Colleague: 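First, the structure itself, so that you have it in front of you.
Only a predicted model underlies this, so the values are computations on that prediction, with no experimental measurement involved.
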Amino acid sequence: MAVAATVSLIAAGTSAAGAAPASAGSQQKDTEYTVLLEQPGNRDYAIDAVQKAGGEVVRSNDAVGVLTVKAPATGFAEKVSASDQIVGAARSKPIGHAPATSKAEKTKRDNVEKENKSEQAAKAPASSKSTAGMDPLDGDLWGLNLVRSNIARAKQAGDKRVYVGILDTGVDGTHPDIAPNFNNELSRNFTVDIPNDSDGGVFDGPCEFRGCVDPANHDDGGHGTHVAGTIGAAANGFGISGVAPNVSLVNIRGGQDAGSFFLQPVVDALTYGADIGLDVINMSFYVDPWYMNCINDASATPEEQLEQRTIIASVQRALNYAHRKGVTLIGAAGNNHEDLGKPRQDIVSPNYPPGHARPRPVDNATCLNLPTEGNHVISVSSLGPSTSKADYSNYGLEQTAISAPGGYFRDGLGTPWYRTNENMILSTYPRNVALAEGAIDEAGNITPAGLAAGVKKAVDGDKVGYYQFLQGTSMAAPHAAGVAALIVSQYGKKDKGRPGLTLDPDKVEKVLYKTAIQRACPNPRTVTYVPVGRPAEFDATCEGDSKFNGFYGHGIVDAYGAVTRGGQFI
């Protein structure tokens with residue numbers, strides 16, 4: 001899908017706004033909004049419009065023209081959007097997740113990513129041993145071999161001057177496999193924990209740190225740490241290694257503990273990452289409360305219509321800004337098992353507050369699944385170890401740019417590997433999350449539940465690390481992000497005025513596509529997942545040819561091809 005968005009960009013910067021409190025209206029300003037300016041440079045005029053509508057500006061992101069505003073809960077969005085200085089306004093509630101905004105939504109996410117914990121996993125055949133130059137648990141990383149990182153590292157294992165941003169739930173920078181590559185100085189957390197939601201229910205849970213702001217090296221969800229390990233876990237003779245084991249990892253956290261994302265932190269994370277010179281940003285989440293954000297939604301209230309338009313325009317501006325600043329943007333295609341060029345009826349939106357979803361038609365021309373369908377984003381579909389498209393993975397000619405290992409628990413029907421943990425992706429697991437989820441006990445020993453889920457433990461003296469199996473397009477995207485980081489490491493030039501290397505993201509994209517391992521559609525083209533226990537709704541038809549198709553895009557990302565042959569395409 002493609003929705004045009006007009007943008008104007010000015011110098012970057014996030015700042016507190018020196019606006020006076022609004023005098024209009026007597027309602028309590030108890031709701032926070034994200035307000036998008038028509039022109040980023042018209043900040044003073046926009047602040048005036050906000051005040052006249054009864055709002056108070058508390059801070060701004062001048063890079064893309066976004067204001068954070070406190071205003072009354074009713075009427076503000078419509079009033080402020082009437083100004084010709086304003087594109088629209090959206091309540092600052094969770095609008096993106098990895099994906100979870102309530103207990104029900106978290107359960108839905110876990111049913112995909114942690115399917116092995118809800119199903120009885122079979123015992124897999126013995127894993128092969130690690131090869132030379134690999135870490136002890138790398139024998140379980142079939143994805144590392146599929147993208148040929150295991151042989152690419154003999155030529156290029158990544159450069160510390162290449163910085164990869166993890167826009168996720170956080171990164172455990174203390175994990176023994178993350179710490180050697182983690183850049184604490186550049187890492188930031190753009191979120192504030194929310195103990196309870198507006199309906200009085202539990203949201204993020206109790207704040208673990210004073211001020212409800214987690215340190216930039218902390219992860220209470222585990223999702224971001226898993227992503228970071230796949231990209232750049234150190235090749236240090238311990239645990240696992242990542243696709244690009246020598247690059248620098250930077251946490252630009254935009255996700256809550258609950259797995260949800262607010263618009264403002266996501267935009268701030270993207271613009272901050274662009275300004276500090278990140279080379280790659282991985283985005284393994286999608287935007288909600290609308291699974292599809294639509295320009296024209298006849299089923300929505302006026303405020304909901306403004307919200308969706310504001311989300312689209314704000315995210316697009318931030319993506320454009322990052323791309324212009326030299327960032328290669330990698331996105332997960334999504335786990336809704338649908339052709340994104342032919343979307344089904346949306347039955348999950350709006351998913352916040354919980355219980356407000358309603359069936360609504362969506363169209364391909366004016367609706368976007370963000371960020372994967374956003375400007376300049378390389379959308380990644382997910383494969384199992386047999387290179388089959390995973391049952392849950394989104395696909396389609398229109399948006400699948402490339403494919404990568406994301407895990408597929410039900411792969412290998414008729415073989416000993418069927419429904420085994422090892423069909424999924426093993427990566428780094430924060431100790432605090434493993435403990436909270438009951439995978440380990442207080443002494444650090446793996447529990448029976450952890451053993452059934454395949455949780456692993458590495459020990460070297462006082463150094464202890466934990467690892468878990470997950471699956472999803474969230475796991476496929478970091479394989480592609482790791483290869484993109486290797487491309488910058490191999491062909492990048494010194495970044496003028498800033499430390500590190502840089503390479504035009506359009507060139508990185510071209511190398512990714514031109515060196516990918518081409519894979520034709522299966523025969524027959526329509527794949528049924530009924531034999532592995534899925535309803536017929538999961539059946540998927542692959543369109544296209546061996547050079548480009550809806551399951552694999554340009555092909556399977558190839559680290560070895562990228563670092564040995566990529567130079568001819570730059």
Colleague: Is it true that a side-chain atom of T169 and a backbone atom of G221 form a donor plus acceptor pair closer than 3.5 Å?
Modeller: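 A pair under 3.5 Å: no.
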
Colleague: Does any donor atom in the side chain of S386 or D411 lie under 3.5 Å from an acceptor atom in the other side chain?
Modeller: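 Judged by distance alone, the side chains do pair up.
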
Colleague: With rounding to the nearest 0.5 angstrom, report the OH to CG distance, Y272 to L278.
Modeller: 7.5 Å

Colleague: Below 4.5 Å, heavy atoms only, C-beta onward: do I330 and I378 meet side chain to side chain?
Modeller: yes

Colleague: Check step by step if side-chain contact (heavy atoms from CB on, under 4.5 Å) holds for D275 and K325.
Modeller: CA-CA 7 Å; D275 288 340; K325 287 270 191 168; 3.5 Å; yes

Colleague: I would like to know whether D177 and T428 meet side-chain hydrogen bond (donor to acceptor under 3.5 Å, both in side chains); could you show each step before the answer?
Modeller: CA-CA 7 Å; D177 259 327; T428 39; over 6 Å; no

Colleague: Do you know which two heavy atoms are closest between A476 and A404, and how far apart they sit?
Modeller: O-CB, 3.4 Å

Colleague: For the residue pair Q399 and S379, what are the closest heavy atoms and their distance?
Modeller: O-CB, 3.1 Å

Colleague: Tell me whether T271 contacts the main-chain N or O of D268 through its side chain, where contact means a donor paired with an acceptor under 3.5 Å.
Modeller: yes

Colleague: Just wondering, do N181 and K160 contact through their side chains at under 4.5 Å, heavy atoms?
Modeller: yes

Colleague: Between D140 and K456 (salt bridge meaning N to carboxylate O under 4.0 Å), is one present in this structure?
Modeller: yes

Colleague: Could you verify whether a donor N or O on one side chain and an acceptor N or O on the other, from E338 and N394, lie under 3.5 Å apart?
Modeller: no

Colleague: Between the side chain of H337 and the main-chain N/O of D391, is any donor-acceptor distance below 3.5 Å?
Modeller: no

Colleague: For A216, is there any backbone N or O sitting under 3.5 Å from a side-chain donor or acceptor partner on N189?
Modeller: no

Colleague: In the structure I gave you, are the side-chain heavy atoms of N116 and F409 within less than 4.5 Å of one another anywhere?
Modeller: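 Touching, per the 4.5 Å side-chain cut-off.
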
Colleague: Within the 4.5 Å heavy-atom criterion, are Q316 and I312 side-chain neighbours or not?
Modeller: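 Yes. Closest side-chain heavy atoms under 4.5 Å.
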
Colleague: So, does T415 use its side chain to make a donor-acceptor pair with the main chain of G412 at under 3.5 Å?
Modeller: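 Side chain of T415 to backbone of G412, a donor-acceptor pair under 3.5 Å: yes, one is there.
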
Colleague: Answer yes when R253 and D193 have at least one side-chain N-carboxylate O distance shorter than 4.0 Å, and no when they do not.
Modeller: yes

Colleague: So which atom in A274 and which in V327 form the shortest heavy-atom distance, rounded to 0.1 Å?
Modeller: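 Here A274 and V327 meet closest at CA-CG2, 3.9 Å.
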
Colleague: Has Y560 got more than 12 heavy atoms of other residues, nucleotides or ligands less than 6.0 Å from its OH?
Modeller: no

Colleague: Evaluate side-chain contact (heavy atoms from CB on, under 4.5 Å) for N251 paired with N217, printing each intermediate quantity in order.
Modeller: CA-CA 7 Å; N251 175 24; N217 65 349; over 6 Å; no

Colleague: Give the minimum heavy-atom separation between I487 and A562, together with the two atoms involved.
Modeller: CG1-CB, 3.7 Å

Colleague: Please report the closest heavy-atom contact between D135 and A235, naming both atoms and the distance.
Modeller: OD2-CA, 3.5 Å

Colleague: Counting only heavy atoms not in E185, do more than 12 fall under 6.0 Å of its CD?
Modeller: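 For E185, atom CD is not crowded (no more than 12 foreign heavy atoms under 6.0 Å).
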
Colleague: How are the rings of H323 and H376 set to each other: parallel, tilted or perpendicular (split at 30° and 60°)?
Modeller: parallel

Colleague: Step through it carefully: locate the ring centre of Y395, locate the ring centre of F551, and say whether they are under 6.0 Å apart.
Modeller: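 That pair passes the under 6.0 Å test.
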
Colleague: Quick test of your reading of the model: are D159 and R161 salt-bridged, counting only N-O distances below 4.0 Å?
Modeller: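 Result for this pair is yes, salt bridge flagged.
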
Colleague: Are the side chain of S403 and the backbone of G555 linked by a donor-acceptor contact shorter than 3.5 Å?
Modeller: yes

Colleague: Would one find more than 12 heavy atoms of other residues, nucleotides or ligands at under 6.0 Å from atom NZ of K510?
Modeller: no

Colleague: Any side-chain heavy atom of D172 within less than 4.5 Å of one from I178?
Modeller: no

Colleague: May I ask you to test the D220-N432 pair for a side-chain heavy-atom distance under 4.5 Å?
Modeller: yes

Colleague: Please test L319 against Y321 for side-chain contact (heavy atoms from CB on, under 4.5 Å), starting from the C-alpha separation and ending with a verdict.
Modeller: CA-CA 5 Å; L319 294 172; Y321 183 82; over 6 Å; no

Colleague: Looking at CG of L512 and OG1 of T328, how far apart are the two atoms once the value is rounded to the nearest 0.5 Å?
Modeller: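 Going from the CG atom of L512 to the OG1 atom of T328 covers 7.5 Å.
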
Colleague: Specify the closest pair of heavy atoms between F238 and P136, including all atoms of both residues, with the distance to one decimal.
Modeller: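 That closest heavy-atom pairing would be N-CD, 3.7 Å.
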
Colleague: Starting at CG of L329, measure out to CG of N282 and round the result to the nearest 0.5 Å.
Modeller: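 It comes to 10.0 Å.
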
Colleague: May I ask you to decide whether E437 forms a salt bridge with K114, counting only side-chain N to carboxylate O separations under 4.0 Å?
Modeller: yes

Colleague: Has the side chain of K389 got a donor or acceptor atom that lies under 3.5 Å from a matching backbone atom of S393?
Modeller: yes

Colleague: CD1/I425 to OH/Y408 distance, rounded to the nearest 0.5 angstrom?
Modeller: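 It comes to 14.0 Å.
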
Colleague: Should the heavy atoms of other residues, nucleotides or ligands under 6.0 Å from NZ of K463 be counted, would the total exceed 12?
Modeller: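 It does: K463 NZ has more than 12 such atoms within range.
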
Colleague: Under 3.5 Å, is there a donor-acceptor pair between the side chain of D558 and the main chain of A516?
Modeller: no

Colleague: Determine yes or no for a side-chain-to-main-chain donor-acceptor pair under 3.5 angstrom, with T420 supplying the side chain and A124 the backbone.
Modeller: no

Colleague: Looking just at side-chain N and O atoms, do N375 and N320 make a donor-acceptor pair shorter than 3.5 Å?
Modeller: yes

Colleague: What's the verdict on side-chain contact (heavy atoms from CB on, under 4.5 Å) for N183 and L249, showing C-alpha distance, side-chain angles and the deciding distance?
Modeller: CA-CA 6 Å; N183 190 305; L249 301 172; over 6 Å; no

Colleague: Can you tell me how far the CG atom of N336 sits from the OH atom of Y392, to the nearest 0.5 Å?
Modeller: 13.5 Å

Colleague: Does either side chain, that of E113 or that of Q471, offer a donor lying less than 3.5 Å from an acceptor on the other one?
Modeller: no

Colleague: Under a 3.5 Å threshold, yes or no: a donor from one side chain and an acceptor from the other, between S474 and H223?
Modeller: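 S474 vs H223: donor-acceptor pair found between side chains.
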
Colleague: Are the side chain of N549 and the backbone N or O of R519 linked by a donor-acceptor pair below 3.5 Å?
Modeller: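 Yes; judged by distance alone, with no hydrogens or angles, the pair exists.
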
Colleague: What's the spacing between M475 CE and F469 CZ if we round to 0.5 Å?
Modeller: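 Reported to 0.5 Å precision, the distance equals 13.0 Å.
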
Colleague: With heavy-atom distances below 4.5 Å as the criterion, would you say the side chains of H175 and D219 are in contact?
Modeller: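 Of all side-chain heavy-atom pairs linking D219 with H175, none is under 4.5 Å.
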
Colleague: Are R153 and M134 side-chain neighbours, meaning at least one heavy-atom pair lies under 4.5 Å?
Modeller: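 Yes, side chains in contact.
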
